[in-house]
*Asks:* 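Here it is, the structure in full.
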Amino acid sequence: MAKAKTDEEFTFVSPVVKYLLFLFNMIFWVIALVLISIGVYSRIVKHETALACLTVDPALLLMILGILMFFITFSGCVGSLRENICLLQTFCIVLTIIFLLQLVAGVLGFVFSDKARGKVTDMVGSAIKHYRDDLDLQNLIDYGQKQFNCCGGISYKDWSQNMYFNCSEENPSKERCAVPFSCCLLSTDEAVINTMCGHGMQELEYLKASAFINTNGCIDKVVNWIHSNLFLLGGIALGLAIPQLVGILLSQILINQIQDQIRLQNYNKQHRSDPWS
């Protein structure tokens, strides 16, 4: 009887692996909830009745990323806690697919850099068109132009794609032929900052405009920054890949342990001694 009791208590499932995977998913599950909350809050605060542009709305992108993370980590949390093979396999397969897609996207982006650059140029152009339509997008573009000391996608004249900054004679906007304030060259000597320094800049030639604003486009600036910081970007990519690989490894170990436990239980049922003996 003592031996039978010991066999019943034995389990292949390691509590360390089980609760480590649960804790791992719980952390990212909370992060997913935070991302969803920030995205929803941003949409509510902006009071927009329609989406400016699905591909360039930061709030919507946060919500999509948060929802995706929520369902993936929820499967991992419940699957590890309940020792559910189906949920764990779903978690493992989805995480593997995402990892492989990221890997393929990185390789294709490197191999077909010209086409990737064209896609990025289109996205930047779309963002410029919707600059005044979305406050989050506006802040993001302004931040990027200040950080990289750039203006527009290819050059400062890209801002003519925006209906408010367009240089056409039919444009009644006060910002006609202007560029955003984030394009301006700021001097620390100025006591009063001229927030209208970008007005009329698109009408000036490149050299004349360069005395007042950054005339180089952001795409070239970002590409040069990437080439100068390949080790940093590699470290960031590795930092993003490690949690995914850890999740895949832990889930696969736990799946194997649960399958071994099921086989043990089936074996015990088939070879259990007569309880009345």
Side-chain angles (χ1 to χ4, degrees), residues 13-14 16-36 38-39 53-124 126-127 140 219 222-223 225-260 262:
V13 178
S14 170
V16 175
V17 175
K18 175 180 176 179
Y19 291 107
L20 189 61
L21 182 60
F22 172 77
L23 181 63
F24 173 84
N25 281 281
M26 179 59 70
I27 293 172
F28 285 96
W29 186 70
V30 172
I31 294 174
L33 289 177
V34 172
L35 292 177
I36 295 172
I38 293 174
C53 182
L54 295 179
T55 57
V56 294
D57 187 351
L60 188 66
L61 293 177
L62 277 178
M63 290 168 60
I64 293 173
L65 177 61
I67 291 172
L68 180 63
M69 281 183 61
F70 177 85
F71 284 110
I72 294 173
T73 53
F74 182 77
S75 298
C77 279
V78 177
S80 58
L81 200 61
R82 301 295 298 175
E83 298 181 12
N84 187 301
I85 292 180
C86 182
L87 287 176
L88 286 173
Q89 286 178 334
T90 301
F91 169 77
C92 185
I93 291 171
V94 173
L95 211 57
T96 303
I97 292 173
I98 292 175
F99 176 78
L100 292 176
L101 287 176
Q102 291 173 345
L103 189 63
V104 170
V107 172
L108 290 178
F110 180 78
V111 174
F112 302 101
S113 56
D114 292 337
K115 291 185 178 180
R117 183 189 177 91
K119 290 292 183 182
V120 171
T121 302
D122 293 340
M123 289 181 63
V124 172
S126 178
L140 184 63
I219 294 176
V222 171
V223 169
W225 182 86
I226 290 173
H227 289 162
S228 303
N229 295 272
L230 288 176
F231 287 107
L232 174 63
L233 293 174
I236 294 173
L238 184 62
L240 293 174
I242 287 176
Q244 296 177 11
L245 293 175
V246 169
I248 294 170
L249 179 63
L250 288 176
S251 60
Q252 194 57 53
I253 290 174
L254 187 57
I255 288 171
N256 292 335
Q257 290 179 347
I258 295 172
Q259 289 174 340
D260 289 339
I262 292 173

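Remember, it's a predicted structure, so these values are computed and weren't measured experimentally.
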*Asks:* Closest approach of Ser80 and Gly76, non-hydrogen atoms and distance?
*Replies:*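 Nearest pair, atom of Ser80 first, then Gly76: OG-O, 2.8 Å.
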
*Asks:* For Asp122, enumerate each residue passing the side-chain hydrogen bond (donor to acceptor under 3.5 Å, both in side chains) test, keeping only those at least two apart in sequence or located in another chain.
*Replies:*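 Result, side-chain hydrogen bond (donor to acceptor under 3.5 Å, both in side chains) vs Asp122: none returned.
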
*Asks:* Provide the full list of side-chain hydrogen bond (donor to acceptor under 3.5 Å, both in side chains) pairs with a residue in residues 229-249, sequence neighbours left out, each pair given once.
*Replies:* Gln102-Gln244

*Asks:* What distance separates Leu101 CG from Thr96 OG1, expressed to the nearest 0.5 Å?
*Replies:* 10.5 Å

*Asks:* So, taking the atom named CG in Leu250 and the one named CG in Asn25, what distance separates them when rounded to the nearest 0.5 Å?
*Replies:*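 So the gap between those two atoms works out to 9.0 Å.
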
*Asks:* How far does OG of Ser251 sit from CD1 of Ile258, to the nearest 0.5 angstrom?
*Replies:*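 That separation rounds to 10.0 Å.
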
*Asks:* Quick one: closest heavy-atom pair of Leu233 and Ile226, and the distance?
*Replies:* CD1-CG2, 3.5 Å

*Asks:* Distance from Gln259 atom CD to Leu254 atom CG, nearest 0.5 Å?
*Replies:*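 Rounded to the nearest 0.5 Å, the CD-CG separation comes to 10.0 Å.
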
*Asks:* Among all residues two or more places apart in sequence or in another chain, which pass the side chain to side chain contact (heavy atoms under 4.5 Å, CB included) test with Leu33?
*Replies:* Trp29, Phe70

*Asks:* As an exercise, state the distance from CG of Leu95 to CG of Leu100, rounded to the nearest 0.5 Å.
*Replies:*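 Reported to 0.5 Å precision, the distance equals 10.0 Å.
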
*Asks:* So, for Met69 and Leu35, which heavy atoms are closest and what is the spacing to 0.1 Å?
*Replies:* SD-CD1, 3.9 Å

*Asks:* When the side chains of residues 81-94 are checked against the rest of the protein, which donor-acceptor pairs come out under 3.5 Å, sequence neighbours left out?
*Replies:*
unit_1, atom_1, unit_2, atom_2, d
Glu83, OE2, Lys18, NZ, 3.1
Asn84, OD1, Cys86, N, 3.0
Asn84, OD1, Leu87, N, 3.0
Thr90, OG1, Cys86, O, 2.9

*Asks:* Only counting residues at least two apart or in another chain, list the ones meeting ring pair (Phe, Tyr, Trp, His ring centres under 6.0 Å) with Phe22.
*Replies:* none

*Asks:* For the residue pair Phe99 and Ala241, what are the closest heavy atoms and their distance?
*Replies:* CE1-CB, 3.8 Å

*Asks:* Run the side chain to side chain contact (heavy atoms under 4.5 Å, CB included) test against Ile253 and tell me which residues pass, sequence neighbours left out.
*Replies:* Val17, Leu249, Gln257

